[in-house]
Enquirer: 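Mind having a look at this structure? Questions to follow.
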Amino acid sequence: MIIQKDFYERDDVVLIARELLGTVLHTRIDNALTTGMIVETEAYCGSIDRASHAFPNRKTKRNHIMFDSGGKAYVYLIYGIHYLFNIVTNRSGAPDAVLIRALQPIQGIETMMRRRKKSSSERITSGPGSLSQAMAIDLNLYGEDLQGNKVWLEFSGNGTDPQEVVQTTRIGVDYAGEDAKLRWRFYYKDNPWVSKP
DNA sequence: TATAAGATTTACT
DNA sequence: GTAAATCTTATAT
């Protein structure tokens, strides 16, 4: 079942990050379908969180889609190399987003291996830059509606959380001072697809 | 206008 | 363990 807009428009971005674990991200790019279960997320709250690009409610050309209402894709280029995929949440004017950090591949694994230039399916979607490359996520998806025909999310069929969830601190945000200690990262314990430094 | 650093990954020493 | 790749934004001249 496709996740509806009201799921994303709630105001608790941390809760949404937790609930996105176990849902399935789909992209259909160049007529190739790729899907994967989300196993690692991080929450970013633009109004109070120094680690967010939108702190403190600052709108730029890069991040302006975060100020739109929830249920859109926020894609940006980091280090001039990697695209990171975020899901915009909350109401218009509240710049919250959830970063997708790792997937467990389900469909289109051959396609993902070709895009990643790997001959093995090992860890082709572990890490935010890697999964974007595997799913063909780039700036063409900036602001894309998550109920469209290019990128969307679905609840998994069984609706269960088969694995234990770990809540801990985020990665790569040491510059954010006290906010770097917020435990806004979620992942499935012992899942081999979770990103490891 | 110029410089520095970043929600990262990969290759090399 | 360290460095390079190289685009966007913020801060300082």
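Values below: every heavy atom of this structure, side chains too, minus hydrogens, waters and symmetry copies.
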Enquirer: Which distance, rounded to the nearest 0.5 Å, do you find between the CE of A/Met1 and the OG of A/Ser156?
Expert: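 Separation between the atoms: 10.5 Å.
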
Enquirer: Have a look at A/Arg58 and say if it touches a base, only the backbone sugar-phosphate, or nothing, with a 4.0 Å heavy-atom cut-off.
Expert: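 A/Arg58: backbone/sugar contact only, no base atoms under 4.0 Å.
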
Enquirer: When every nucleotide of nucleotides 8-13 of chain B is labelled 5' to 3' by its protein contacts under 4.0 Å (heavy atoms), B for base, S for sugar-phosphate only, - for none, what sequence of letters results?
Expert: BSS---

Enquirer: Strictly by side chain to side chain donor-acceptor pair (under 3.5 Å), give each pair with a member in residues 118-130 of chain A just once, sequence neighbours left out.
Expert: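 For residues 118-130 of chain A, and leaving out neighbouring residues, the side chain to side chain donor-acceptor pair (under 3.5 Å) pairs sorted by first residue read A/Arg116-A/Ser130.
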
Enquirer: Output all residues satisfying ring pair (Phe, Tyr, Trp, His ring centres under 6.0 Å) with A/Tyr76, sequence neighbours left out; order by chain, then residue number.
Expert: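 In terms of ring pair (Phe, Tyr, Trp, His ring centres under 6.0 Å), with neighbours along the sequence ignored, A/Tyr76 is linked to A/His53, A/Tyr74.
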
Enquirer: Using the rule that Ile, Leu, Val, Met, Phe, Trp and Tyr join whenever any side-chain heavy atoms are under 4.5 Å apart, tell me whether A/Val165 and A/Ile100 fall into a single cluster.
Expert: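 Linked, A/Val165 and A/Ile100 end up in one cluster.
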
Enquirer: Near DNA chain B, counting only heavy atoms under 4.0 Å, which residues of residues 87-96 of chain A show up?
Expert: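 None - not one residue of the stretch has a heavy atom sitting under 4.0 Å from the strand.
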
Enquirer: Sequence neighbours excluded, which residues qualify as side-chain contact (heavy atoms from CB on, under 4.5 Å) partners of A/Asp145?
Expert: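 Per chain and number, A/Asp145 pairs via side-chain contact (heavy atoms from CB on, under 4.5 Å) with A/Lys72, A/Gln147.
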
Enquirer: So that I can compare with my own list, what are the stems of DNA chain B, taken as at least three consecutive Watson-Crick or G-U pairs with distances under 3.5 Å?
Expert: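 Consecutive-pair runs (3 or more) involving DNA chain B: B:1-6 with C:7-12, B:8-12 with C:1-5.
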
Enquirer: Supply the members, apart from A/Ile171, of the Ile/Leu/Val/Met/Phe/Trp/Tyr cluster built from side-chain contacts under 4.5 Å; use none for a lone residue.
Expert: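 Answer for A/Ile171: none, a lone residue.
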
Enquirer: For A/Arg183, give me all partners under salt bridge (charged side-chain N to carboxylate O under 4.0 Å, His left out), at least two apart in sequence or on another chain.
Expert: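 For A/Arg183, no residue satisfies salt bridge (charged side-chain N to carboxylate O under 4.0 Å, His left out) once neighbours in sequence are set aside.
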
Enquirer: Got a donor-acceptor contact below 3.5 angstrom from the A/Asp49 side chain to the A/Ala51 backbone?
Expert: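 Yes.
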
Enquirer: Identify all side-chain donor-acceptor contacts of residues 103-113 of chain A below 3.5 Å with residues at least two apart in sequence or on another chain.
Expert:
residue  : atom : partner  : partner atom : Å
A/Gln104 : OE1  : A/Asn191 : ND2          : 3.1

Enquirer: With heavy atoms of chain A within less than 4.0 Å as the criterion, where does contact along DNA chain C begin and end?
Expert: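 Result: C/dA5 to C/dA10.
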
Enquirer: Within the side chain of A/Tyr142, is there an N or O that forms a donor-acceptor pair under 3.5 Å with the backbone of A/Ile65?
Expert: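 Pair found, side chain donor or acceptor close to backbone of A/Ile65.
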
Enquirer: Which other residues belong to the hydrophobic cluster containing A/Phe55, where Ile, Leu, Val, Met, Phe, Trp and Tyr are joined when side-chain heavy atoms lie under 4.5 Å apart, directly or via other members?
Expert: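 Reading the cluster by chain and number, A/Phe55 sits alone, since nothing else belongs.
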
Enquirer: Under the side chain to side chain donor-acceptor pair (under 3.5 Å) test, which residues partner A/Thr34, sequence neighbours left out?
Expert: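 In terms of side chain to side chain donor-acceptor pair (under 3.5 Å), with neighbours along the sequence ignored, A/Thr34 is linked to A/Thr27.
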
